[in-house]
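Encoded as structure tokens, the structure appears first; notes follow it.
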Amino acid sequence: MSRVYNFSAGPACLPEEVLRKCAEEMLEYGNSGMSVMEMSHRSKDFEAILDTAEADLRELVGIPENYKVLFLQGGGNTQFAMVPMNLMKNRVADYIITGQWAKKAAAEAEIYGKVNRIASSADKTFSYIPDCSDLPVSPDADYVYICQNNTIYGTAFKTLPNTKGKDLVSDVSSMLLSEPMDVTKYGVVWGGVQKNVGPAGVTIVIIRDDLIREDVLPGTPTMLKYKTHADNKSLYNTPPCWNIYVCGLVFKWLKEKGGLAAMKAVNEQKAKILYDYLDQSAMFKGTVNPADRSLMNVPFVTGNEDLDKKFIAEATKAGFKNLKGHRTVGGMRASIYNAMPIEGVQALVDFMTAFEKENG
Ligand SMILES: *Cc1c(COP(=O)(O)O)cnc(C)c1O
């Protein structure tokens with residue numbers, strides 16, 4: 001067996017300790033005589049797995065009592081519809097467009113109501129976060145929506161927008177649990193787990209009690225009401241049991257590592273190694289406004305497509321996988337989520353240094 005350094009944006013690397021634990025428990029979980037994959041979702045064993053996962057997540061993040069935690073399916077793209085279907089009482093919402101995922105969310109919301117795009121960084125290919133301190137928030141907006149870490153473009157909000165009293169809805173898919181977050185700043189904060197938390201198939205939604213309503217938009221399917229899942233503790237129907245179990249193991253791993261403040265410190269160290277190198281390199285350049293740089297997704301280019309290709313090919317051969325940039329951006333992107341060890345980032349920078357010497 002030889003494991004590589006996997007810089008994929010998602011599904012992405014998971015902590016090796018967690019994968020080993022999964023392997024250990026694959027054939028028999030506890031004394032159950034079966035795998036978690038084979039268990040009834042109504043069994044005592046699975047109930048304990050789900051309850052423990054939620055309790056650990058609440059402890060890690062510090063989720064207040066008046067927020068519900070939901071483990072849902074359908075990925076991020078389903079949240080693009082669930083958010084307006086459940087929250088668009090007035091059928092108006094404000095969206096801040098900082099990349100493809102916010103753009104897609106806004107387009108989906110437009111099926112249900114009026115979408116005001118109150119800020120955008122499209123003018124400079126989403127390479128920065130617009131000033132959101134005094135935006136023309138719509139008086140009748142049901143919520144203000146952001147994508148907090150832009151997986152594709154590598155930018156992140158360092159301060160949350162001034163929503164002028166409106167509820168903030170935030171997609172944190174590619175930064176969930178990478179640093180502490182103050183849940184009280186949000187009405188809804190959600191993330192697909194396949195970027196930074198677990199195996200694809202679970203979306204974690206953290207939602208304030210009063211936003212869980214019966215009076216959702218007419219025609220909203222039962223499965224797409226937050227209330228359905230909140231009332232049934234994420235067990236309305238069969239949840240992705242095994243995936244939730246793996247997320248639970250990751251929560252335990254994060255607790256062992258010292259929690260989210262400790263993760264943030266390591267993530268800052270990792271990002272600094274890479275950005276510091278990019279800032280002094282004559283060959284490789286970061287593509288975003290330094291003040292808005294993501295700690296999780298680091299896009300970079302050489303400015304020469306052939307050289308990009310050569311770099312990706314040689315890096316792949318050397319065991320640095322999935323460094324190709326998103327198809328809409330080109331160049332390279334290194335995603336350095338929680339599970340990427342600092343040694344992996346250092347090894348990548350060493351490899352880039354050698355490549356630059358040879359090809360400069
Ligand atoms: C990957 C991603 C999504 C889309 O998630 P799916 O689960 O593939 O629907 C949405 N938002 C962000 C920020 C992402 O990184």
Side-chain angles (χ1 to χ4, degrees), residues 6-14 70-85 93 95-111 115 120-122 125-129 143-158 160-161 168-179 181 186 188-207 223-224 229 239-240 243-244 246-247 250 267 287-288 292-299 322 324-329 333-340:
N6 178 9
F7 293 93
S8 170
C13 56
L14 287 168
L70 311 176
F71 295 93
L72 305 185
Q73 302 190 60
N77 277 270
T78 298
Q79 290 315 302
F80 297 164
M82 274 181 91
V83 166
M85 284 177 140
Y95 279 68
I96 297 171
I97 310 298
T98 53
Q100 298 288 352
W101 295 120
K103 227 166 118 175
K104 270 188 98 172
E108 188 71 14
E110 223 152 33
I111 297 173
V115 167
S120 168
S121 51
T125 38
F126 301 118
S127 59
Y128 70 103
I129 298 291
Y143 57 89
V144 175
Y145 184 101
I146 61 169
C147 176
Q148 204 168 318
N149 183 80
N150 296 282
T151 325
I152 295 173
Y153 296 96
T155 60
F157 282 79
K158 300 294 153 100
L160 294 175
L168 180 64
V169 177
S170 180
D171 170 2
V172 294
S173 293
S174 47
M175 62 177 288
L176 182 59
L177 307 184
S178 65
E179 57 182 81
M181 75 176 162
Y186 306 90
V188 183
V189 54
W190 64 268
V193 303
Q194 74 269 28
K195 308 288 161 64
N196 199 34
V197 179
V202 181
T203 311
I204 293 173
V205 176
I206 303 169
I207 177 168
M223 274 296 286
L224 297 189
H229 302 284
N243 310 55
I244 292 171
V246 181
C247 290
V250 172
N267 286 328
T287 57
V288 313
D292 303 321
R293 284 168 166 174
S294 165
L295 290 183
M296 297 280 98
N297 310 98
V298 183
N322 295 314
K324 197 169 187 296
H326 190 267
R327 61 197 146 79
T328 61
V329 184
R333 171 178 50 173
S335 295
I336 50 176
Y337 297 122
N338 283 346
M340 172 60 64

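As the structure lists them, so they are numbered: ligands from 1, and atoms in each ligand from 1.
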**OP:** Could you see which bit of Asn77 sits under 4.0 Å from ligand 1, with heavy atoms only: side chain, backbone, both or neither?
**Re:**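 It is both parts that get close, each with some atom under 4.0 Å.
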Is the backbone of [Y] close enough, under 3.5 Å, to the side chain of [X] for a donor and an acceptor to pair up by distance?
X: Ser173; Y: Gly192; value: yes
X: Asn267; Y: Leu295; value: no
X: Asp292; Y: Ile129; value: yes
X: Ser121; Y: Tyr128; value: yes

Subject >> Plane angle bin for Tyr145 and Phe80 - parallel if under 30°, tilted between 30 and 60°, otherwise perpendicular >> reply: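 Geometry flag for Tyr145 against Phe80: perpendicular rings.
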Subject >> Heavy-atom side-chain proximity of His229 to Ile207 below 4.5 angstrom >> reply: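 Contact flag for His229/Ile207 side chains = no.
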Going by the atom numbers of ligand 1, which of them fall below 4.0 Å from some non-hydrogen atom of [X]?
X: Gly75; result: 7 (O), 9 (O)
X: Gln194; result: 5 (O), 6 (P), 7 (O), 8 (O)
X: Cys147; result: 13 (C)
X: Thr151; result: 12 (C), 13 (C), 14 (C), 15 (O)
X: Ser173; result: 11 (N), 12 (C), 13 (C), 14 (C)

Checking the N or O distance criterion of under 3.5 Å, is ligand 1 in contact with [X]?
X: Lys195; value: yes
X: Gly76; value: yes
X: Trp190; value: no

Original post:
What is the closest protein heavy atom to atom 11 (N) of ligand 1, and at what distance does it sit?
Top reply: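 It is Asp171 OD2, 2.6 Å.
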**OP:** Could you verify whether a donor N or O on one side chain and an acceptor N or O on the other, from Thr151 and Asn297, lie under 3.5 Å apart?
**Re:**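 Note: Thr151 and Asn297 side chains miss the donor-acceptor criterion.
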